[in-house]
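What follows is a short report on a single structure.
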Amino acid sequence: MNLLLRMLISATLVVVIAHFMPGVVVDSFMTSVIVAVVLGLLNIFVKPILILFTLPITIVTFGLFLLVINALIIMLCTKIVGGFHVESFWTAVFFSIVLSISQSILFQSLKDK
């Protein structure tokens, strides 16, 4: 149940961020649900491999290269999911920052006390 709620929150955040951020287009709420699922799967399976391969540059940049990896994951999601489009790499970086911060805030508020 918690996983389903987190996916729905992520999908809602994708729609809200796309509404306010120029350069990000989401066709429908169902598309945003698919985006949330695909982003979750990419973060589980692809992101750890990218982090492992880029570990030296991530260490040298004190972890800031992880922003590039997040943007690449979002750009890959735009290639996979039809109806979701991010205009440029820098838009993907900003989208990933806003999405991560929003998710952190909302998921923390849902945490059981």
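As the structure is a computational prediction, the values presented were derived from the model and not from experiment.
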Do you know the tightest heavy-atom contact between F107 and R6?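 Shortest heavy-atom contact: CD1-NH2, 3.2 Å.
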Which heavy atom of A11 sits nearest to which heavy atom of A36, and what is that distance?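 Closest approach of A11 to A36, heavy atoms only: N-CB, 3.9 Å.
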Would you say I34 and V46 are hydrophobically clustered, going by side-chain heavy atoms of ILVMFWY under 4.5 Å?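 Yes: a chain of side-chain contacts under 4.5 Å links I34 to V46.
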Test of understanding: clusters of I, L, V, M, F, W, Y form through side-chain heavy atoms closer than 4.5 Å, transitively. Do F95 and V25 belong to the same one?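 No, it is not one cluster - the side chains of F95 and V25 are not joined through contacts under 4.5 Å.
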Side chain to side chain contact (heavy atoms under 4.5 Å, CB included) against I105, all qualifying residues, sequence neighbours excluded: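 With neighbours one apart ignored, the set is I101.
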Under the side chain to side chain donor-acceptor pair (under 3.5 Å) test, residues paired with S96 that sit two or more places apart: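 Not a single residue meets the side chain to side chain donor-acceptor pair (under 3.5 Å) criterion with S96.
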Apply side chain to side chain donor-acceptor pair (under 3.5 Å) to T31 and list each qualifying residue two or more places apart in sequence or on a separate chain.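 Side chain to side chain donor-acceptor pair (under 3.5 Å) check on T31 returns S28.
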Ignoring hydrogens and geometry, is there a side-chain-to-backbone donor-acceptor pair from S109 to L106 under 3.5 Å?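 It does hold such a pair.
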Please table the atom pairs, donor to acceptor, closer than 3.5 Å between any side-chain atom in residues 47-71 and protein atoms at least two apart or in another chain.
residue	atom	partner	partner atom	Å
K47	NZ	N70	OD1	2.7
T54	OG1	L50	O	2.7
T58	OG1	T54	O	2.8
T61	OG1	I57	O	2.9
T61	OG1	T58	O	3.3
T61	OG1	F65	N	3.2

For residues 12-19, run the donor-acceptor check on the side chains, cut-off 3.5 Å, and write out each pair with its distance to 0.1 Å, sequence neighbours left out.
residue	atom	partner	partner atom	Å
T12	OG1	L8	O	2.8

Let me check something: any side-chain donor-acceptor pairs from residues 37-44 under 3.5 Å, sequence neighbours excluded? List them with distances.
residue	atom	partner	partner atom	Å
N43	ND2	L39	O	3.2

Gap separating the OG atom of S10 from the CG atom of L5, nearest 0.5 angstrom: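 Going from OG on S10 over to CG on L5, the span is 9.5 Å.
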Nearest 0.5 Å please: distance from the CG atom of L99 over to the CD1 atom of I97.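 Going from the CG atom of L99 to the CD1 atom of I97 covers 11.0 Å.
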Review item, side-chain donor-acceptor pairs of residues 77-89, under 3.5 Å, at least two apart:
residue	atom	partner	partner atom	Å
T78	OG1	M75	O	2.5
S88	OG	T91	N	3.2
S88	OG	T91	OG1	2.9

